Visitor: 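Pasting a structure below so you can have a look.
Quantities reported herein were computed from a predicted structural model and do not represent experimental measurements.
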Amino acid sequence: MGTNPFNLEITSDGQYVYVVNSQFFNFSGGNTVSVIETKTNRVISTIKVGTDPFTIGITS
C-alpha cells in the first residue's frame, strides 16, 4: 500500500480489499488504490487515480 492509507472497501465475496492511498498533506505514495488479495494478504495491483482520493465504493 501507499504510505498514507485512508479508506478501504472489501468485495462482497471477501476475495479482495481495495485501499485508498491519499496524498493528503503531500504524503508520498498517494493518489492510488491498492488491490489486496485476501487469500495471500499481498498487494496484487496499484491503480493511479485522481488527486487526494478519500473514499471508495464497490458495486456489483
Visitor: Just checking, is any N or O donor in the side chain of Thr51 or Asn31 under 3.5 Å from an acceptor N or O on the other one?
Guide: no
Visitor: Which heavy-atom pair separates Thr32 from Val49 by the least distance, and what is that distance?
Guide: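 Heavy atoms only, the tightest pair is N-CG2, 3.8 Å.
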Visitor: Taking all heavy atoms of Ile36 and all of Val43, pick out the closest pair and write down the distance.
Guide: CG1-CG2, 4.0 Å
Visitor: Identify the heavy atoms of Ser34 and Asn21 that sit nearest to each other, and give their distance.
Guide: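 Residues Ser34 and Asn21, closest heavy atoms: OG-ND2, 2.9 Å.
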Visitor: Under 3.5 Å, side-chain donor or acceptor atoms of residues 6-16 against the rest of the protein: list the pairs with distances, not counting sequence neighbours.
Guide:
unit_1	atom_1	unit_2	atom_2	d
Asn7	ND2	Phe54	O	3.3
Thr11	OG1	Asp13	OD1	2.7
Thr11	OG1	Gln15	N	3.3
Thr11	OG1	Tyr16	N	3.2
Thr11	OG1	Tyr16	O	3.4
Asp13	OD1	Gln15	N	3.0

Visitor: Going by the rule side chain to side chain contact (heavy atoms under 4.5 Å, CB included), which residues pair with Ser45 if we only count those two or more places apart in sequence or in a different chain?
Guide: Val35, Ile47
Visitor: Got a donor-acceptor contact below 3.5 angstrom from the Ser22 side chain to the Pro53 backbone?
Guide: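 Confirmed, Ser22 side chain pairs with Pro53 backbone.
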Visitor: I'd like to check the side chain to side chain donor-acceptor pair (under 3.5 Å) partners of Thr40; sequence neighbours left out, ordered by chain and number.
Guide: Glu37
